[in-house]
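Shown next, in structure tokens, is the structure this report addresses.
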Amino acid sequence: MIIDILSLFPHYFTGPFDESIIKRAKENGLAEIRLTDIRDFSENRHRKVDDRPYGGGPGMVMMAEPVVNAIRHVKTSEAHVVYLSPQGKVLTAAKSRQLSKEKHLILLCGHYEGIDQRILDLEVDEEISIGDYVLTNGCLAAIVLVDAVLRFVPGVLGHEHAADEDSFENGILDCPHYTRPEVFEGLAVPTVLLGGNHKEIANWRKDQALKKTMNTRPDLLKFIIKD
Ligand code: 4GX
């Protein structure tokens, strides 16, 4: 998968994408992440990419010309263009899995008060939000999206089924996990996990996951009728 990230701060991404699982995915050729500085596409001699909003109001808006030129510079016939914004549909595991099937993702990171609407009209396929809060810019949202999507690209996680067992894959939260020691500061591992009865363990985990979901995210249970 090729991922192009268009932003005003290409250096924002060097830390997160050069560690751990994403680093390994890049080294193994499973993901190529390319960073583009939108300022390189400004026609202005001061590399200006923003201007005052028509109709007035506070803040600045990213201008159509440099952003559209930057997108067109990296765009291929297979590209799927995403704008990260609080106005988008909220990112889910299902959407992340869907995006993991794309050959070429272009992620546009907004700055200031947003971007000229004509960029969306002309070049953007979908608008995605990582949650109902406002960040200072779209770079962190792009990092979150890349991380959530790459986990579903075959080979990125060590063991192929790891992504299937996670929270949300069954529409509910995950069960609690334990590792050694058996007792930590007086708290014992539930005995069912020590017994080796796989059916009993599976039942216990399902029960715990449901209880956790009921307490923390009852909204997730609204549409679920399952064995
Ligand atoms: N999930 N931001 C976009 C610029 C902006 C402001 C207003 C459109 C309208 C965000 C999020 C997010 C900060 C990225 C504001 N664009 N992105 N940016 N939540 O907060 O994705």
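When a ligand or atom number is given, it counts from 1 through the structure's own listing order.
- Atoms of ligand 1 lying under 4.0 Å from any heavy atom of Tyr83, numbered from 1 in the order shown and given with element: 3 (C), 4 (C), 5 (C), 8 (C), 16 (N).
- Between Ile115 and ligand 1, not a single N/O pair is under 3.5 Å apart.
- Geometrically, ligand 1 and Gly131 share a nitrogen or oxygen pair separated by less than 3.5 Å.
- Taking CD of Glu78 as the reference point, atom CD1 of Ile106 lies at 11.0 Å (rounded to 0.5 Å).
- Close approach of ligand 1 to Ala141 (heavy-atom distance below 4.0 Å) involves ligand atoms 17 (N), 21 (O).
- If you check each of Cys109, Gly110, Ser85 against atom 17 (N) of ligand 1, the one with the closest non-hydrogen atom is Ser85.
- At under 3.5 Å, not a single nitrogen or oxygen of Gly138, backbone or side chain, sits near a nitrogen or oxygen of ligand 1.
- For atom 3 (C) of ligand 1, the closest non-hydrogen atom of the protein is Leu84 O, 3.4 Å.
- With a heavy-atom cut-off of 4.0 Å, Glu113 touches ligand 1 through its backbone alone.
- Considering backbone and side-chain N/O atoms, Tyr112 never comes within less than 3.5 Å of an N/O atom of ligand 1.
- Within a 6.0 Å radius of CZ in Arg24, more than 12 heavy atoms belonging to other residues, nucleotides or ligands are found.
- Of the protein's heavy atoms, Ile130 N, 2.9 Å lies nearest to atom 1 (N) of ligand 1.
- Using a cut-off of 4.0 Å between Lys/Arg side-chain N and Asp/Glu carboxylate O, Arg47 and Asp40 are scored as salt-bridged.
- Here Ser129 has heavy atoms under 4.0 Å from ligand 1 in both its backbone and its side chain.
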